[in-house]
2 protein chains.
Amino acid sequence: MASSPAAPASTAAALTERGRQKADRRAAILAAAATLFAERGYAGVTIEDLGTAVGVSGPAVYRHFPGKAAVLAAILEGASRALLDGAERVLDEASEPERSLRALIAHHVDFALGDADVILVQDRELEQLDAGARHDVRLLQRRYVEHWVDVLSRLRPDRAEAELRVRAHAAFGLLNSTPHSARIPGRRPADGTIRGILEEMAWASLMS
Amino acid sequence: MASSPAAPASTAAALTERGRQKADRRAAILAAAATLFAERGYAGVTIEDLGTAVGVSGPAVYRHFPGKAAVLAAILEGASRALLDGAERVLDEASEPERSLRALIAHHVDFALGDADVILVQDRELEQLDAGARHDVRLLQRRYVEHWVDVLSRLRPDRAEAELRVRAHAAFGLLNSTPHSARIPGRRPADGTIRGILEEMAWASLMS
DNA sequence: CATCTCGGTTAACGCTCGCTAACATCGGGA
DNA sequence: TCCCGATGTTAGCGAGCGTTAACCGAGATG
């Protein structure tokens, strides 16, 4: 799950100059890949495209990832982990369920509006992963959903967990709608306005 | 937009035996393609797969569609048209805006639960279309959204159309959530139950 | 200072897949 | 009945693309 050959354990960060450059390149490839995958789909992007997007060309990408699928896997695992970590951080700070739900919603909106490309790829390209990576991502997603279900079941103990799970998924669809529709032309309201609308709608739908 | 060489105009339906067989084949290919595209993505399905799925093999598909892209285009245009036609039919029957909105929601849920594969493909593979077909589909989608916005603006004349458009898109994301999450294992409630939950959530979110 | 590692280059292989060609078969109108 | 057009079949081309091979220069290391 970590790096390959006996990584310098804890002091991994302050390595040499080359070490940081490599990390930067890797991050740049991931960022460019998210944008390109969102625009053209995983299959519509070539390894050469990924290289060109970060200023190297072609097979240099293989110095950072073992293959094209690994790039997608890194994006999806990163997204799932970021979403999950954020949710757990947010839940540590608020114990009252109403506050917790509002915080969960706000955090999800932040992510959806901030990393729209990643959300799009996450929604669309999960199936392209090999069984192992797909399973890992699904596990992270499941844990994320369960946090939502936990909070919801404290707010509405009368409702079955199965219903709350359907409601959580529906809320994700609602909150992720902007990355999907943003590609359609037409003027949209400012991000701040959209954020308010989505938070209000998500709350109302979940508590209805 | 219709058939090629001087089609027998109005009496097109009651043609010969061969005519009906051809129509059946075409419909079978479209249905199989929707399922396969939903499972593996447009790029993950070969023309050979499409043929095999309906009992013919490989290039026989070209007797019914000029190419792979045309199959996708037919699915997406069919879906957009069905959604739009249904909405217009529904709006003809109810003039009161509250009833209209409830009917629009119910109709959309019907479609999402009944043609989950098509909804999934519609959400994911629009970009794979060539510019012309994509434009056509976008036009149909736009008209569909505008029907929702019209009804919403009669219910909430205080709100800007831009906001209502964001709300409509968010509601679509909510209503289309089940086709997306259905692939995740785990027991789900029965369709009837899900329908009720989604309708309630959509209404609450739009009117909040 | 010699050497080794590593991130980069270009060339090329091989597979997949959309699509076309050439040919067979058969239903249906004159 | 006879022929034409439509719907299949199999063989094969050609392009695109993921990946590997072979080589190179420079920064870290002893």
Side-chain angles (χ1 to χ4, degrees), chain A residues 3-8 11-30 32-33 36-37 40-75 125 128-130 133, chain B residues 3-8 11-12 14-30 32-33 36-37 40-74 125 128-130 133:
Chain A
S3 44
S4 356
T11 31
L15 249 163
T16 167
E17 175 73 10
R18 274 236 288 250
R20 201 172 57 248
Q21 281 187 346
K22 175 162 176 127
D24 287 356
R25 199 50 39 103
R26 190 190 143 96
I29 293 174
L30 284 176
L36 289 173
F37 288 165
R40 302 183 224 157
Y42 173 73
V45 178
T46 73
I47 290 274
E48 174 110 18
D49 290 335
L50 294 183
T52 307
V54 298
V56 303
S57 221
V61 175
Y62 288 91
R63 300 296 175 188
H64 303 271
F65 297 93
K68 191 185 174 187
V71 178
L72 180 63
I75 292 174
E125 315 282 2
Q128 308 297 331
L129 256 46
D130 56 290
Chain B
S3 44
S4 355
T11 31
L15 249 161
T16 167
E17 176 74 12
R18 276 237 287 250
R20 199 171 58 247
Q21 281 187 346
K22 174 160 177 128
D24 287 355
R25 244 313 114 85
R26 191 189 143 96
I29 292 175
L30 284 176
L36 289 172
F37 289 165
R40 303 182 223 159
Y42 174 72
V45 178
T46 73
I47 290 274
E48 174 109 18
D49 290 335
L50 295 183
T52 306
V54 299
V56 303
S57 222
V61 175
Y62 288 93
R63 300 296 177 189
H64 303 272
F65 297 92
K68 191 184 173 188
V71 179
L72 180 62
E125 316 283 2
Q128 307 296 332
L129 256 47
D130 57 290

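Reminder, nothing fancy here: chain letters follow the sequence lines and each chain counts from 1. In this text, all values refer to a predicted model and were calculated from it rather than measured experimentally.
- The side chain of B/Lys22 places an N or O atom within less than 4.0 Å of a non-bridging phosphate oxygen (OP1 or OP2) of D/dT7.
- Residues A/Ala33 and A/Ile75 approach most closely at CB-CD1, 3.8 Å, considering heavy atoms.
- Atom CD1 of B/Ile29 and atom C1' of D/dG8 are 12 Å apart (whole Å).
- A pairwise comparison of heavy atoms in B/Ala74 and B/Leu30 identifies CB-CD2, 3.7 Å as the closest pair.
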Subject >> Evaluation steps, side-chain contact (heavy atoms from CB on, under 4.5 Å), between A/Val56 and A/Arg25 >> reply: CA-CA 10 Å; A/Val56 303; A/Arg25 199 50 39 103; 3.1 Å; yes
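- No contact: A/Val71 has no heavy atom under 4.0 Å from any strand.
- Between A/Ile29 atom CD1 and A/Asp24 atom CG the span is 11.0 Å, to the nearest 0.5 Å.
- A/Ile47 has its CD1 atom 17 Å from the C1' atom of C/dT10, to the nearest Å.
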Side-chain polar contacts of residues 61-72 of chain B - donor-acceptor pairs under 3.5 angstrom, sequence neighbours left out - could you list them?
{"from": "B/Lys68", "atom 1": "NZ", "to": "B/Tyr42", "atom 2": "O", "distance (Å)": "2.9"}
{"from": "B/Lys68", "atom 1": "NZ", "to": "B/Val45", "atom 2": "O", "distance (Å)": "2.7"}

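- In this structure, A/Arg25 atom CZ and C/dC6 atom C1' are separated by 13 Å, rounded to whole Å.
- Taking CZ of A/Arg40 as the start and OG1 of A/Thr46 as the end, the distance is 7.5 Å to the nearest 0.5 Å.
- Atom CD of A/Gln21 is separated from atom C1' of D/dA28 by 13 Å (rounded to the nearest Å).
- Pairing each heavy atom of B/Val54 with each of B/Ala32, the nearest pair is CG1-CB, 4.1 Å.
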Which protein N or O atoms sit under 3.5 Å from an N or O of nucleotides 28-30 of chain C?
{"from": "C/dG28", "atom 1": "OP1", "to": "B/Thr16", "atom 2": "OG1", "distance (Å)": "2.8"}

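- Only B/Pro59, B/Tyr62, B/Arg63, listed by number, bring a heavy atom of residues 48-66 of chain B to less than 4.0 angstrom from any atom of DNA chain C.
- There is no side-chain donor-acceptor pair under 3.5 Å between A/Asp49 and A/Thr52.
- Between the CZ atom of A/Arg26 and the P atom of C/dC6 there is a distance of 16 Å, given to the nearest Å.
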